[in-house]
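Contents: one structure, followed by commentary.
Labels below follow one simple rule: chain letters A, B, ... track the order of the sequence lines, proteins then strands, and each chain is numbered from 1.
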Number of protein chains: 2
Amino acid sequence: MDRRRVTINDIARHAGVSRSTVSLVLRASPRIPPETHDRVQGSIRALGYTYNRSAANLRQQTSQAIGLIINDICNPFFAELTSAVEEAAAEAGFFVYLVESAESPDRQDRVLQSMIEHDVAGMIICPATGTPGRTFDTLHARGLPICIAVRPYPDPRFDFAGPDNYLAAQMATGHLVGRGHRRIAFLGGEPTNPSRVDRLSGYFSALQQNGIAFDPALVVESRPSRKSGIADVEQVLRLAEPPTAALCYNDFVAISVMHGLRLQGLEPGRDMALIGFDGMPEAEMTYPPLSTVSLHARAIGRNAADLIIRRIGEPAAAPARRVEQPTLIIRQSSGA
Amino acid sequence: MDRRRVTINDIARHAGVSRSTVSLVLRASPRIPPETHDRVQGSIRALGYTYNRSAANLRQQTSQAIGLIINDICNPFFAELTSAVEEAAAEAGFFVYLVESAESPDRQDRVLQSMIEHDVAGMIICPATGTPGRTFDTLHARGLPICIAVRPYPDPRFDFAGPDNYLAAQMATGHLVGRGHRRIAFLGGEPTNPSRVDRLSGYFSALQQNGIAFDPALVVESRPSRKSGIADVEQVLRLAEPPTAALCYNDFVAISVMHGLRLQGLEPGRDMALIGFDGMPEAEMTYPPLSTVSLHARAIGRNAADLIIRRIGEPAAAPARRVEQPTLIIRQSSGA
DNA sequence: CTGAAAGCGCTTACAG
DNA sequence: CTGAAAGCGCTTACAG
């Protein structure tokens with residue numbers, strides 16, 4: 001930075017008016033006559049002035065920043081969610097600080113602190129797995145607008161935007177049962193992950209409704225990744241009576257389960273019916289194309305943005321929950 | 001926000017010292033004796049004070065914000081890059097404003113303006129396709145630290161971090177030639193995209209080196225997406241003498257080319273050898289697994305972050321270029 | 001219609 | 001070692 005920043009003082013001097021007048025011109029006040037307006041605008045162009053919104057924010061006690069804390073931007077589900085949040089925020093004149101928590105509650109704490117220091121107007125948080133119940137208490141006490149997203153979080157004080165995991169799992173399980181499967185595995189996900197807890201409940205309930213006994217050997221736990229499904233299927237394939245179908249914790253896992261099946265000489269879709277969760281776009285392009293329950297990541301992102309923007313404008317509004325209904329997408333992997 | 005923010009004034013009053021002293025305590029000045037320090041820290045805890053970094057930034061004329069402008073966060077290449085930028089920034093005490101330009105130079109202009117208003121310390125820009133040459137001139141004149149990333153941008157005034165597209169395409173083409181192919185298509189990408197221009201040059205040069213005549217009918221242009229490859233292959237399959245192999249503009253395109261081949265009753269890998277660019281993680285899990293040239297998105301992101309952080313600290317340093325060397329990853333899709 | 005003054009929350013010479 | 005004062009770039013009553 002060679003020369004110092006051009007400020008309204010410079011504009012005022014150049015245009016021969018006071019700082020107040022420049023400020024009023026910037027804010028397009030009707031109290032300013034056209035000639036003054038044009039003269040000041042001319043000086044602004046002549047000097048190459050750029051508004052310093054941070055200074056204005058300090059004075060006005062406002063902020064246009066929305067913090068977004070997600071676990072993993074490289075998961076296409078979160079990428080889509082982020083994109084939708086960013087879009088909705090931009091439309092409303094906000095912009096987003098993006099940070100990854102990498103599922104670490106510690107990192108999440110540090111990030112939270114940093115966001116407050118940087119004076120965000122509010123934040124959207126996808127809680128890291130293992131987030132203690134009181135983590136957001138001081139934020140709430142301070143009146144900071146917060147919207148919990150994606151991960152179910154049993155605290156009615158906060159706005160929430162997420163999918164209906166329970167229903168999603170019921171739909172997926174029901175679909176597989178409808179295709180004649182009785183031994184249906186549930187592959188992947190960490191036991192403490194609340195999304196998984198809900199999906200597992202939906203799975204149980206659908207089994208029960210259909211009079212199918214639950215077999216714990218068919219439920220495999222693992223940290224979900226782009227490869228974890230390989231070991232997940234392998235485990236269940238070793239059973240005396242292996243499953244003929246599987247719900248996978250998410251599409252990520254499902255895609256690697258396909259890979260794992262092939263490593264065992266089996267053909268996904270034919271030798272084992274597969275369905276994932278999330279509805280990420282790449283699921284359409286796998287071979288065979290992957291059945292999935294779309295959770296509508298973009299819609300959830302937009303809901304979260306809408307909720308936080310509303311709360312920033314109306315801090316005392318009653319907390320709202322926006323639960324997005326899932327959609328079953330049947331493709332070849334479940335034998336369509 | 002019920003009560004107003006707790007400030008250093010409140011701390012000063014509570015601890016019975018002046019604002020200056022509180023400030024010195026916050027910045028851990030050695031001039032403050034332990035007793036005073038502890039007393040002030042006690043008040044900070046008692047009142048639940050949070051540092052207002054925006055105010056400090058205004059006073060100190062600094063900023064910890066790095067703007068990152070990318071085209072599409074839902075492209076896993078950019079997701080990985082973003083993740084790496086965010087990580088490197090956090091390590092150095094910066095945080096990132098993320099914005100998508102969606103390949104629109106207009107939107108990019110608006111975003112640029114907004115980032116300056118919000119007083120970013122510097123920015124990393126993946127220029128939207130079609131960005132006019134003078135877009136960054138005023139930013140540069142103003143001395144704003146800028147790092148151009150990913151897309152080659154022929155302006156030696158700026159720091160640059162990106163892949164070696166030319167070499168990547170040479171490697172990919174050479175590999176296919178080595179496997180006996182003579183009719184090799186180049187599928188997808190927009191003609192004005194500078195990354196594609198470089199990849200095409202590498203492809204030409206490798207053909208030439210191997211004494212293979214260039215056939216323009218084998219080069220297909222299209223806006224790359226998760227589905228665009230379907231139409232791309234279809235077009236080239238209609239030729240009297242169709243290709244036996246294809247370079248795909250990126251992995252996205254390659255995956256949909258696989259899909260397109262199957263729609264024509266052909267088997268990817270066997271009936272047409274395929275290789276992509278980017279090296280995105282999902283390429284390993286396709287069927288057949290996709291050969292690709294890894295451009296090392298994470299490394300590029302980290303390079304970009306390092307460069308911008310260096311420039312923020314040292315505005316007058318000579319512009320640097322960090323060109324990451326690509327890696328050929330051979331899998332079944334090219335007949336390994 | 002326009003200007004002088006105070007203040008947002010902080011830091012930083014400068015006194016004492 | 002600690003306090004009073006000025007100032008970062010802006011906005012906003014309040015005069016005139």
Side-chain angles (χ1 to χ4, degrees), chain A residues 1 3-41 43-44 47-65 114-121 142, chain B residues 1 3-41 43-44 47-65 114-121 142:
Chain A
M1 319 247 182
R3 43 179 206 216
R4 46 174 270 292
R5 183 164 194 147
V6 177
T7 76
I8 54 169
N9 286 310
D10 303 309
I11 304 300
R13 206 173 308 120
H14 187 271
V17 296
S18 75
R19 299 217 307 274
S20 328
T21 304
V22 176
S23 182
L24 291 171
V25 169
L26 287 173
R27 327 196 73 227
S29 163
R31 283 159 46 197
I32 301 292
E35 310 89 71
T36 310
H37 179 94
D38 293 350
R39 186 149 45 93
V40 171
Q41 283 293 356
S43 299
I44 286 174
L47 301 185
Y49 168 75
T50 301
Y51 188 62
N52 185 335
R53 201 170 292 273
S54 305
N57 283 345
L58 177 60
R59 174 59 227 252
Q60 293 180 118
Q61 302 279 66
T62 58
S63 156
Q64 289 80 233
S114 157
M115 285 191 170
I116 300 170
E117 288 189 2
H118 285 290
D119 199 31
V120 293
R142 199 174 293 187
Chain B
M1 317 250 183
R3 41 180 208 216
R4 42 172 272 293
R5 185 164 191 146
V6 177
T7 75
I8 54 170
N9 285 309
D10 302 310
I11 305 300
R13 206 173 309 120
H14 188 272
V17 298
S18 74
R19 298 217 308 272
S20 327
T21 303
V22 177
S23 182
L24 290 172
V25 169
L26 287 172
R27 328 194 71 228
S29 162
R31 283 159 48 197
I32 301 292
E35 312 88 70
T36 310
H37 179 94
D38 292 351
R39 186 149 45 92
V40 171
Q41 284 293 355
S43 299
I44 285 174
L47 300 185
Y49 169 75
T50 301
Y51 188 62
N52 184 336
R53 200 171 291 273
S54 306
N57 283 345
L58 177 61
R59 175 58 227 251
Q60 294 179 117
Q61 303 279 64
T62 58
S63 156
Q64 288 83 234
S114 158
M115 285 191 168
I116 300 170
E117 289 190 0
H118 284 291
D119 199 31
V120 293
R142 199 173 293 186

- Query: So, is A:Gln61 near the phosphate of C:dG9, with a side-chain N or O under 4.0 Å from OP1 or OP2?
  - Reply: yes

- Query: In whole angstrom, what separates A:Leu24's CG from C:dG3's P?
  - Reply: 10 Å

- Query: So what does A:Thr36 hit on the nucleic acid, given a heavy-atom distance under 4.0 Å: a base, only sugar-phosphate, or nothing?
  - Reply: sugar-phosphate

- Report yes or no: is there a donor-acceptor pair, N or O only, under 3.5 Å between the side chain of B:Arg27 and the base of C:dT11? no

- Along DNA chain D (nearest heavy atom to each residue), the more 5'-positioned of B:Ile32 and B:Gln60: B:Ile32

- Item | Any N/O donor-acceptor pair, A:Ser18 side-chain to C:dA4 base, under 3.5 Å | no

- Query: Whole-Å distance between D:dC10 P and A:Gln64 CD?
  - Reply: 14 Å

- Query: Can B:Thr50 and A:Arg142 be counted as having a side-chain donor-acceptor contact under 3.5 angstrom?
  - Reply: yes

- For A:Arg19 and C:dA6, give me the distance from atom CZ to atom P, rounded to whole Å. 12 Å

- Message: I'd like to check B:Val25 versus B:Arg39 (side-chain heavy atoms, cut-off strictly below 4.5 Å). Are they in contact?
- Response: no

- In whole angstroms, the gap separating P of D:dC8 from CG of A:Asn57 amounts to 19 Å

- A:Leu26 versus A:Tyr49, closest heavy-atom pair with distance: CD1-OH, 3.7 Å

- Message: Give me the atom names and distance for the closest heavy-atom approach of A:Ile32 to A:His37.
- Response: CG2-N, 3.8 Å

- Message: Expressed as a whole number of angstroms, how long is the span from A:Leu26:CG to D:dG9:P?
- Response: 14 Å

- For atom CG of B:Asp119 and atom P of D:dC8, their distance in whole Å: 14 Å

- Between A:Pro30 and A:Ser20, just flag the one whose closest nucleotide in DNA chain C comes earlier from the 5' side. A:Pro30

- How does DNA chain D read in dot-bracket, base by base from 5' to 3', with Watson-Crick or G-U pairs under 3.5 Å and | used when the partner is on another strand? |||.||||||||.|||

- Message: Is it true that A:Thr21 and A:Ser18 share a donor-acceptor pair across their side chains at a distance under 3.5 Å?
- Response: yes

- Query: Contact class for B:Thr21 vs. all strands (heavy atom < 4.0 Å): base, sugar-phosphate, or nothing?
  - Reply: sugar-phosphate

- Task: Would you indicate whether the side-chain heavy atoms of B:Leu24 and B:Thr36 approach each other to under 4.5 Å?
- Result: no

- Pick the nucleotide of DNA chain D nearest each of A:Ser23 and B:Gly16; which residue has the one closer to the 5' end? B:Gly16

- A:Leu58 CG to C:dG7 P, straight-line distance once rounded to whole Å: 14 Å

- When you check the side-chain N and O atoms of A:Asn57 and A:Thr62, is any donor under 3.5 Å from an acceptor? yes

- Please state how far atom CD1 in B:Ile8 lies from atom P in C:dG7, giving the value in whole angstrom units. 16 Å

